[in-house]
Amino acid sequence: MHHRITGWFAATARELPWREPDCSAWGVLVSEVMLQQTPVVRVLPVWQEWLERWPTPAGLAGEPAGEAVRSWGRLGYPRRALRLHAAAAAIVRDHGGTVPGTFAELLALPGVGSYTAAAVAAFAYGRRETVVDTNIRRVHARLFSGVALPSPSLSATEMRLAAELLPDDAGTSVRWNAAVMELGALVCTARAPKCTDCPVRDSCAWLAAGEPPPSYVPKGQAWHGTDRQVRGAVLAVLRLADSPVPPEMFQREPADLGFAAEGIGVPLAALHRLNSAAEQLERALAGLLGDGLAELHEGGYQLPA
DNA sequence: GAACCGTGGAA
DNA sequence: TTTCCAAGGTT
């Protein structure tokens, strides 16, 4: 099993910049955070820009948090940008500017949970870590448990299985982690898995069981009409604004604002098109302030300085 | 454990 | 057009 999957990986793995041998641990950390719930193709260009602009944690830590949020662009979940900025500051303060290499040290960084800590320790430092992400969970679920999808939340049983499967040798374990993840991303996908391309289809418990459907229906997240949608639209305005945006600008028709809406007219119009209640807009603004994604300056909203 | 947090491309 | 979901983390 290990040989077949790692052999497949060696032959077909994607060339990604954060997988290059000369990629720094900082580059790996940035990639892992950006890849949290965001597809590779959308991360690639933003990652390149970040690493050119901030090749070290100190570079990012030396700039306002708002610059991290602004350059995050439309990757989504912008709190990740804020936490990456905070992580950079912590790395400078507590680790002399060098990304730490142990699971525990990494886990202590803002925005770094058990997956990201294990992934950075493994992929940046070659350590033997039990890496479990959504891809690995799905592969294990099908291959060994014979079910279409893993349960909604990560269980101790799954962690135990992943730990047992991990090769003893550190270098081999790193390749194993990356290979299973890649298999889940490219072949053993959530929808329409490409089983004919799978190197271990002969051993798959799910295929052997006749591809039984999922035992539960994943409930999707609502989007239209939600606070999140309004937050996103407000933040799109703030990213483009080069001066504080007065609250009333979020309420009015952009056409009525005239030259005042110069530069932010498009995202302002998009926000207005949502036609959200004043109460919802206030909730979104308050939420952004509370999360540190925005701050008040001379009566207007702006990205954190 | 559940809720919440963005965005865009594919099916 | 709507739904699904992508290298999760925090509260």
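Convention: sequence-line order gives letters A, B, ...; per-chain numbering from 1.
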When the distance from [atom1] of [X] to [atom2] of [N] is rounded to whole Å, what number comes out?
X: A:L35; N: C:dG9; atom1: CG; atom2: P; value: 12 Å
X: A:D227; N: B:dC4; atom1: CG; atom2: C1'; value: 10 Å
X: A:L82; N: C:dT11; atom1: CG; atom2: P; value: 12 Å
X: A:L293; N: B:dT7; atom1: CG; atom2: P; value: 11 Å
X: A:W223; N: C:dA6; atom1: CH2; atom2: C1'; value: 15 Å
X: A:Q221; N: C:dG9; atom1: CD; atom2: C1'; value: 13 Å
X: A:Q229; N: B:dC5; atom1: CD; atom2: C1'; value: 14 Å
X: A:R137; N: C:dA6; atom1: CZ; atom2: C1'; value: 14 Å

Heavy atoms under 4.0 Å, any strand shown: does [X] hit a base, just sugar-phosphate, or nothing?
X: A:W72; result: nothing
X: A:G76; result: base
X: A:V43; result: nothing
X: A:G220; result: nothing
X: A:A192; result: nothing
X: A:P152; result: nothing
X: A:L235; result: nothing

Residue A:R42, side-chain heavy atoms: nucleotide from C:dA7, B:dC5, B:dG8 that is nearest = B:dG8
Identify which nucleotide among C:dC5, C:dG9, B:dG6 has an atom closest to any side-chain atom of A:A190, counting heavy atoms from C-beta outward.
-> C:dC5
Would you give the length of the straight line joining atom OG1 of A:T116 to atom CZ of A:R83, rounded to the nearest 0.5 angstrom?
->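 The OG1 atom of A:T116 sits 11.0 Å away from the CZ atom of A:R83.
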If you draw a 6.0 Å radius around CZ in A:R53, do more than 12 non-hydrogen atoms from other residues or ligands fall strictly inside?
-> yes
Report, as yes or no, whether the 6.0 Å neighbourhood of atom CD on A:E279 holds more than 12 heavy atoms from other residues, nucleotides or ligands.
->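 At most 12 heavy atoms, drawn from other residues, nucleotides or ligands, come within 6.0 Å of this atom.
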Could you pick out which residue, A:P39 or A:S153, lies toward the 5' side of DNA chain B when each is mapped onto its nearest nucleotide?
-> A:S153
Mapping A:L154 and A:A236 to their closest nucleotides on DNA chain B, which lands nearer the 5' end?
->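 Going by which nucleotide is closer to the 5' end, it is A:L154.
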Pick the P atom in C:dT11 and in B:dG6, then give their distance to the nearest Å.
->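 Pairwise P distance, C:dT11 against B:dG6, rounds to 14 Å.
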Quote, to the nearest angstrom, the P distance that separates B:dA10 from C:dA7.
->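 After rounding to an integer number of Å, I get 15 Å for this pair.
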Any side-chain heavy atom of A:S151 sitting closer than 4.5 Å to one from A:R137?
->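 Yes. Closest side-chain heavy atoms under 4.5 Å.
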Are A:E182 and A:W8 side-chain neighbours, meaning at least one heavy-atom pair lies under 4.5 Å?
->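 Yes; the side chains approach each other to less than 4.5 Å.
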Donor/acceptor link under 3.5 angstrom from A:S114 side chain onto base of C:dG9 | no
Under-3.5 Å donor-acceptor pair between A:R83 side chain and C:dT10 base | no
Sorted by position of nearest nucleotide on DNA chain C, 5' first, the leading residue of A:R191 and A:S31 is A:R191
Below the 4.0 Å mark, does [N] have OP1 or OP2 next to a side-chain nitrogen or oxygen of [X]?
X: A:R239; N: B:dT7; value: yes
X: A:T134; N: C:dA7; value: no
X: A:R74; N: B:dG8; value: yes
X: A:T116; N: C:dG9; value: yes
X: A:Q37; N: C:dG8; value: yes

A:R228 and A:Q221 side chains, donor-acceptor separation under 3.5 Å | yes
ILVMFWY cluster, A:L143 and A:V147 together (side-chain gap under 4.5 Å) | no
